[in-house]
Amino acid sequence: MRLTKFYIPALKEAPADAEIASHKLMIRAGFIRKLAAGVYSLLPAGVKVIRKIEAVIREEMNRAGALEVYLPSVQPASLWEESGRWEVYGKELLRITDRHNREFCYGPTHEEVITDLVRRDVRSYRDLPLNLYQIQTKFRDEIRPRFGVMRAREFSMKDAYSFDADEEGAKENYEAMRKAYTAIFSRLGLKFRAVEADTGQIGGSASHEFMVLAETGEDRIAHCDKCGYAANVEKVELSDIAVSGDENVQDLQSVDTPNAKTIEEVSEFLDMDSSRFIKTLIYKADGNIIAVLIRGDYEVNETKLLRAIDSGEVALASEEEVESVGTMVGFAGPVGLENVRIIADSSVKSIVNGVTGANRVDTHFFNVNPGKDFTPGLYADIREAVPGDPCPRCDDGKLSLARGIEVGHIFQLGVKYSEAMKANFLNREGKERPMIMGCYGIGVGRTGAASIEQNHDDNGIIWPPSIAPFDVVVLPLSLKDEEVVRVAESIYEELKNGGFDPALDDRNLRPGVKFNESDLVGYPLQVVVGRKGLADGVVEVKIRKTGERMTVAPEGAFHKIKETLEKLSSID
RNA sequence: CGGGGCGUAGCGCAGCCUGGUAGCGCGCCUGCUUUGGGAGCAGGAUGUCGGAGGUUCAAAUCCUCUCGCCCCGACCA
């Protein structure tokens, strides 16, 4: 592609509303433009990158035996009513009405549509297993879209759905997808980790997220460097902490703690370590007020809490709500707290002679002992992991925490949708059974953004060759010098004919501009053709990633570029 | 949705407090020069100051309402 004929408007300055590197760079380099909050247009270079990502996804999905379909983006409400999600999904679902006042939604995901499709045509175990996928636009009316295409409202997603006759088949399909995803993200040159994950709103039993490791990631993951166990902090299993010491259980006592409300203040006031505290948080869960206990030096993970109490939503209660159950913010405690369900983190179980609020102003209890002074209705693992927590899967591994960008998510759905929507088949024995389902998503645009988060420097993007908009850019530094132009043109033609996708910067710009824009756009290689080099009989090949420059005679350029690109691809 | 902030030329911003002819840098157009890391000179184009209402002789500036966008929290590919 000649850049004089291309449309890749670069900006010197990033728009003020861009926050993270990928967002800024995609806009500056001319890959995307914003239309509205969370809604983006893809420019030609952006489309090229996305198509390359899609191509890798298609190849690996097809290799895994999945079949491509294309489902409607507009879906009738009736299907969602059948699955029960019309009510559950909430405001994220963009609901629309047609001219006959019939209700539809713009698809945020396609379990309903695919289940409806399959149940109509699949009758027998002989037709299973089946794995169908598509790459298509979704719309989720996110409360807060941000970070450009990283968390857009309209976005492109590869979603696959598997249907099996039995659990073993479903697990095989799941494993096949796990392998395919690993292949996809490896080929895309990403540093990633598959982690055990919460299933959230989609539902189902087991699930893994594919996390691209990046500081700007919105998710946190815990992993054990010894045995390889890795999980989202919303899911990570934390074992009970054994308490050290062998104190005798003492009798409950109350103590005045004027104006000391936070754990920090009280622990300083009483000169006791915060790990002796039983922090009591009053939550509202699906309309009911509950008390949640956790050791003072730990935090509650609300997703884990949701799962533990099998609730739809939780939020910290308001001050009025806290007072309505006979306690107060700052001095809440489980002792004497009546008519409120008490859920305790496992870390509370082994606390001996602990400290809690006394449900009275400026008063705490000490020598509080679980089982003696209060008894929680439920002990569960609801705590946020901290670095150094013991690994739940191996003997003396320790967990580390990292940040990740969720680019893929695979679920074993079980019969959640097939039962609700009667997607049944006849098994070998002639009995009707619901199909066992799985679903598997990849955020296409987000994957591109994640790649930039992982591969950029102060000058711009550094695309891995597998998804770069062009393999290489040829830079004739002066258009007035006939020799420079002739050599650049011939290398460009040779690359084009040799199976590569090169760009030729034939714009009449000063060399500095061409260098800077080439760095910004992130071509894996730059071929510099200048008067200076040609005087010595050479052109330069620069590797964007390392900055390394190699000189080579014009006739040898093609070979050098080919070799270097292959090397770059294999390293990634 | 709760909390905070911002809307002035294509982009980045100043002007607003203290009302009085709408500015700067980059970009864009024309010409000449220049061409190995975002050139120089000369000339030029571009604004419903987010929108509506109000106060005033006079509003980008003060007041009210409204829309949009961004950041921090709970959701997700």
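First the proteins, then the strands, lettered A, B, ... as listed; each starts at 1.
Within 6.0 Å of CD in A:Glu321 there are more than 12 heavy atoms belonging to other residues, nucleotides or ligands.
For A:Lys279, the salt bridge (Lys or Arg N to Asp or Glu O under 4.0 Å) test picks out A:Glu299, with sequence neighbours left out.
If you look at A:Tyr133 and A:Tyr70, their ring centroids are not closer than 6.0 Å. Here the two rings, on A:Trp463 and A:Phe31, have centers that are under 6.0 Å apart.
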*nucleotides 8-14 of chain B: protein proximity per nucleotide (B base, S sugar-phosphate only, - neither; heavy atom, under 4.0 Å)*: ---BSS-
*Nucleotide by nucleotide, 5' to 3', does protein get under 4.0 Å of the base (B), only the sugar-phosphate (S), or neither (-) in nucleotides 31-36 of chain B, counting heavy atoms?*
---BBB
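Contact annotation: A:Lys34 side-chain N/O to B:C70 OP1/OP2 distance is under 4.0 Å. For the OP1/OP2 pair of B:C71 and a distance below 4.0 Å, the side-chain nitrogens and oxygens of A:Arg144 include at least one atom meeting the criterion.
Donor-acceptor pairing under 3.5 Å is recorded for the side chains of A:Asp159 and A:Tyr161. Between A:Tyr174 and A:Ser162, the side chains place no donor N or O within less than 3.5 Å of an acceptor N or O (distance only, hydrogens not considered). The closest side-chain donor-acceptor pair between A:Tyr417 and A:Arg85 falls under 3.5 angstrom. Residues A:Tyr181 and A:His208 have side chains that never bring a donor and an acceptor to within less than 3.5 angstrom of each other.
In terms of heavy-atom proximity, A:Thr447 sits nearest to A:Ile442 at OG1-CG2, 3.8 Å. Between A:Leu25 and A:Gly460, the shortest heavy-atom distance links the atoms CD2-CA, 3.8 Å.
Among the heavy atoms of the strands, none lies under 4.0 Å from A:Ala449. Here A:Val513 lies in heavy-atom contact (under 4.0 Å) with a base. Here A:Arg28 lies in heavy-atom contact (under 4.0 Å) with a base. Contact annotation for A:Asp519: base contact, defined as any heavy-atom pair under 4.0 Å involving a base atom. Among the protein residues, A:Asp481 comes within range of no part of the nucleic acid, since none of its heavy atoms lies under 4.0 Å from any strand.
One finds a salt bridge joining A:Glu540 and A:Arg549 here, because a Lys/Arg side-chain nitrogen approaches an Asp/Glu carboxylate oxygen to under 4.0 Å. Taking 4.0 Å as the cut-off between side-chain N and carboxylate O, A:Asp536 and A:Arg531 do not count as a salt-bridged pair. We find that A:Lys91 and A:Asp141 are not joined by a salt bridge, their nearest charged nitrogen and carboxylate oxygen being 4.0 Å or further apart.
The salt bridge (Lys or Arg N to Asp or Glu O under 4.0 Å) analysis of residues 53-75 of chain A, with sequence neighbours excluded, yields the pairs A:Arg51-A:Glu54, A:Glu54-A:Arg58, A:Arg58-A:Glu68, A:Glu59-A:Arg187, A:Glu60-A:Arg63, A:Glu60-A:Arg187.
Across B:U48 and B:G7, the matching C1' atoms stand 15 Å from one another, rounded to whole Å. To the nearest whole angstrom, the two P atoms, one in B:C62 and one in B:U8, are 16 Å apart. Of the P atoms belonging to B:G20 and B:C49, the separation is 16 Å, rounded to the nearest Å.
For B:G38, there is no paired nucleotide, since no Watson-Crick or G-U wobble pair has both relevant distances below 3.5 Å.
The nearest heavy atom of RNA chain B to A:Val314 and to A:Gly441 marks one nucleotide each, and the one closer to the 5' end goes with A:Val314.
Of the candidate nucleotides B:C76, B:C70, B:C26, B:C76 has the atom lying nearest to any side-chain atom of A:Glu406.
Interface residues of residues 41-51 of chain A facing RNA chain B, ordered by number: none; criterion, heavy-atom separation under 4.0 Å.
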What's touching nucleotides 42-51 of chain B from the protein side, N or O pairs under 3.5 Å?
none

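Distance, A:Asp198 CG to B:A77 P: 11 Å, rounded to whole Å.
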